[in-house]
Amino acid sequence: MLTANIQTYLPKILPAITALRRELHGMPEKALCEDRTRQCLYDFLKMQTALRVEMQGPVLYAVWDAPHSVTDTDMPCLAFRADFDAVEGADGTLGHYCGHDGHAASLAGLAMLISAMKPRCKIVLIFQPAEETGEGARLCLPILEKEGVTEIFGWHNIPGLPKGSVDLLPDTFACGSTGMSITVTGTPAHAAYPENGKNPAAVIASLVLFGEKLLQEPHEGMVLITVIGISVGSEAYGVSASKGELRLTLRAEKGRELDSIIEKMTFEAKRLAAAAGMAVEIAFHEPFPATENHTASLEKMRQAVEEAHLTPVTPPEPFRWSEDFGHYLNEVPGAMIGVGSGCDYPALHTADYAFRDDLLEDVLKIMGGLCMRAY
């Protein structure tokens with residue numbers, strides 16, 4: 001019955017948000033530079049919905065202030081989040097190769113649906129910048145406390161999963177990760193007399209081997225340490241190297257395991273450098289927490305998926321890529337799901353990929369059902 005009620009509003013909503021999605025697709029902007037995108041969404045929400053719309057710096061969100069939510073302290077305050085930054089390729093080319101244009105358009109459609117169906121609970125819709133770099137979620141966290149959010153939901157389109165299927169991961173949806181750079185500095189010497197200097201090559205090599213050894217230890221869930229790059233010295237063949245850098249990506253299914261391998265790699269880098277009489281500098285880049293779903297929230301998602309006549313699927317393992325939605329789940333209960341784009345659909349972050357517009361309807365049925373079942 002609930003899906004049927006939602007279905008009555010879709011003929012008006014779907015054409016509007018499909019046009020919005022295509023407009024957003026034509027203005028891809030990199031993380032924290034999404035000025036046109038944010039303004040476009042703001043204008044759409046002000047014109048098409050009855051929600052209170054707030055824009056503060058790079059952050060945009062909209063609120064359904066249901067009358068009952070003011071007086072009923074037991075009424076939940078649900079939040080839904082969508083990202084809107086584009087992917088920046090290695091050559092600097094920007095494109096919506098991850099489907100954030102579709103994520104944002106679907107959330108705008110949810111705002112239209114909420115305006116029409118008038119749920120009795122308070123609802124906050126967060127349009128987030130800078131997901132690709134992991135910076136955006138942290139900027140949006142103050143919204144949770146300010147608006148009194150009690151639970152949060154998110155979704156991602158998933159190429160390779162049949163259309164009409166929805167991934168429901170009972171624990172970790174996406175792994176946590178961080179880039180780690182370790183710079184070791186010794187002293188130069190003539191290549192004929194390397195003993196007169198301090199060459200960091202052995203320290204760097206030992207750290208690579210230590211990482212391999214670390215992976216052999218027992219871990220809770222999947223753990224990866226990937227070498228991204230190694231540089232030692234220069235092309236001056238008469239000079240023994242005096243500076244080297246090891247660049248890694250550390251990845252883990254569980255947040256505590258990620259913290260553990262970060263701590264161990266950091267300790268070993270400092271120990272080896274100190275033993276060799278060299279200086280070490282360690283920096284972290286684009287950190288993402290693990291996106292670990294809450295059981296009760298995921299069960300609500302499952303019920304909404306089934307009521308939308310879509311097929312729930314439990315994948316055998318979490319996605320190895322990272323999502324900064326985990327920042328929200330560290331603050332309030334919630335869950336993230338994956339909505340199937342089709343088995344043979346182009347992969348995310350490839351030039352052939354573009355968001356599939358008929359996913360908008362699937363998302364509205366799921367998220368609209370959550371909104372209307374919340375009280």
Side-chain angles (χ1 to χ4, degrees), residues 18 21-22 24-31 34 37 81-107 128-134 136-137 154-169 172-179 221-229 249-253 285-286 288 290-291 293 305 310-326 336-363 366:
T18 299
R21 203 284 303 172
R22 294 174 182 177
L24 295 175
H25 189 79
M27 57 174 76
E29 296 173 296
K30 67 180 181 179
E34 313 98 329
T37 301
R81 169 274 208 173
D83 36 25
F84 57 67
D85 57 326
V87 174
E88 184 175 13
D91 61 354
T93 302
L94 293 168
H96 274 294
Y97 307 131
C98 201
H100 294 184
D101 51 344
H103 297 172
S106 67
L107 196 62
Q128 183 200 300
E131 187 279 328
E132 292 293 343
T133 61
W155 74 281
H156 205 292
N157 72 97
I158 306 295
L161 180 68
K163 174 72 169 61
S165 297
V166 180
D167 275 341
L168 300 172
L169 286 115
T172 301
F173 176 82
C175 292
S177 67
T178 185
M222 187 273 296
V223 171
L224 286 174
I225 300 175
T226 305
V227 175
I228 302 304
T249 294
L250 312 182
R251 193 176 305 274
E253 182 175 337
H285 312 272
E286 299 185 0
F288 289 83
T291 299
N293 285 331
V305 167
L310 300 170
T311 304
V313 176
T314 303
E317 62 180 19
F319 294 104
R320 290 190 179 188
W321 42 261
S322 299
E323 242 286 350
D324 70 357
F325 193 78
M336 171 166 265
I337 62 172
V339 181
S341 297
C343 291
D344 298 322
Y345 207 73
L348 300 172
H349 286 221
T350 65
D352 292 333
Y353 172 87
F355 184 84
R356 182 171 175 167
D357 283 331
D358 56 358
L359 288 187
L360 296 170
E361 181 173 355
D362 292 350
V363 175
I366 298 168

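- Across Ser341, Cys98, Ser106, a single residue satisfies side chain to side chain contact (heavy atoms under 4.5 Å, CB included) together with Asn157, and that is Ser341.
- Closest approach of Thr350 and Tyr97 over heavy atoms only: O-CD2, 3.6 Å.
- Heavy-atom minimum distance, Glu253 versus Gly221: OE1-CA, 3.4 Å.
- Distance check: Ile337 CD1 to Ile366 CD1 gives 4.0 Å after rounding to the nearest 0.5 Å.
- Between Asp85 and Pro129 the shortest side-chain heavy-atom distance does not fall below 4.5 Å.
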Please report the C-alpha distance between Asp362 and Arg356 in whole Å, then the side-chain angles of each, then the deciding distance to 0.1 Å, and finally whether the salt bridge (charged side-chain N to carboxylate O under 4.0 Å, His left out) criterion is met. CA-CA 11 Å; Asp362 292 350; Arg356 182 171 175 167; over 6 Å; no
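- Residues satisfying the salt bridge (charged side-chain N to carboxylate O under 4.0 Å, His left out) criterion with Asp357, sequence neighbours excluded, are Arg21, Arg22.
- Interatomic distance, Gln128 CD to Leu107 CG, rounded to the nearest 0.5 Å: 11.0 Å.
- Here the straight-line distance linking atom CG of Leu250 with atom SG of Cys175 works out to 12.5 Å at 0.5 Å rounding.
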Going through the checks in order, is the side-chain hydrogen bond (donor to acceptor under 3.5 Å, both in side chains) test met by Thr291 and Glu323? CA-CA 7 Å; Thr291 299; Glu323 242 286 350; 5.2 Å; no
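- Checking side-chain atoms of Tyr345 against main-chain N and O of Pro162 turns up no donor-acceptor pair under 3.5 Å.
- Pairing each heavy atom of Gly338 with each of Ile158, the nearest pair is CA-CG1, 3.4 Å.
- Nearest heavy-atom pair across Phe288 and Asp324 is CD2-N, 3.5 Å.
- Using a distance-only test at 3.5 Å, with no hydrogens or angles considered, a donor-acceptor pair links the side chain of Glu34 to the main chain of Ala130.
- The line from NE2 of His156 to CZ of Phe325 is 12.0 Å long, rounded to the nearest 0.5 Å.
- Of all heavy-atom pairs between Ala104 and Phe84, the closest is CB-CB, 4.0 Å.
- Of all the heavy atoms in Asn293 and Leu169, the pair that sits closest is ND2-O, 3.0 Å.
- The distance from the CG atom of Asp358 to the NZ atom of Lys163 is 4.5 Å, given to the nearest 0.5 Å.
- Residues meeting the side chain to side chain donor-acceptor pair (under 3.5 Å) test with Asp91, sequence neighbours left out: Thr93.
- Side-chain contact check for Pro318 versus Met222: every heavy-atom pair is 4.5 Å or farther apart.
- Classified by interplanar angle (parallel below 30°, tilted 30° to 60°, perpendicular above 60°), the ring pair Phe355/His103 is perpendicular.
- Under the salt bridge (charged side-chain N to carboxylate O under 4.0 Å, His left out) criterion, Glu361 pairs with Lys365, sequence neighbours left out.
- With rounding to the nearest 0.5 Å, the separation of CG in Leu24 from NE2 in His100 is 12.5 Å.
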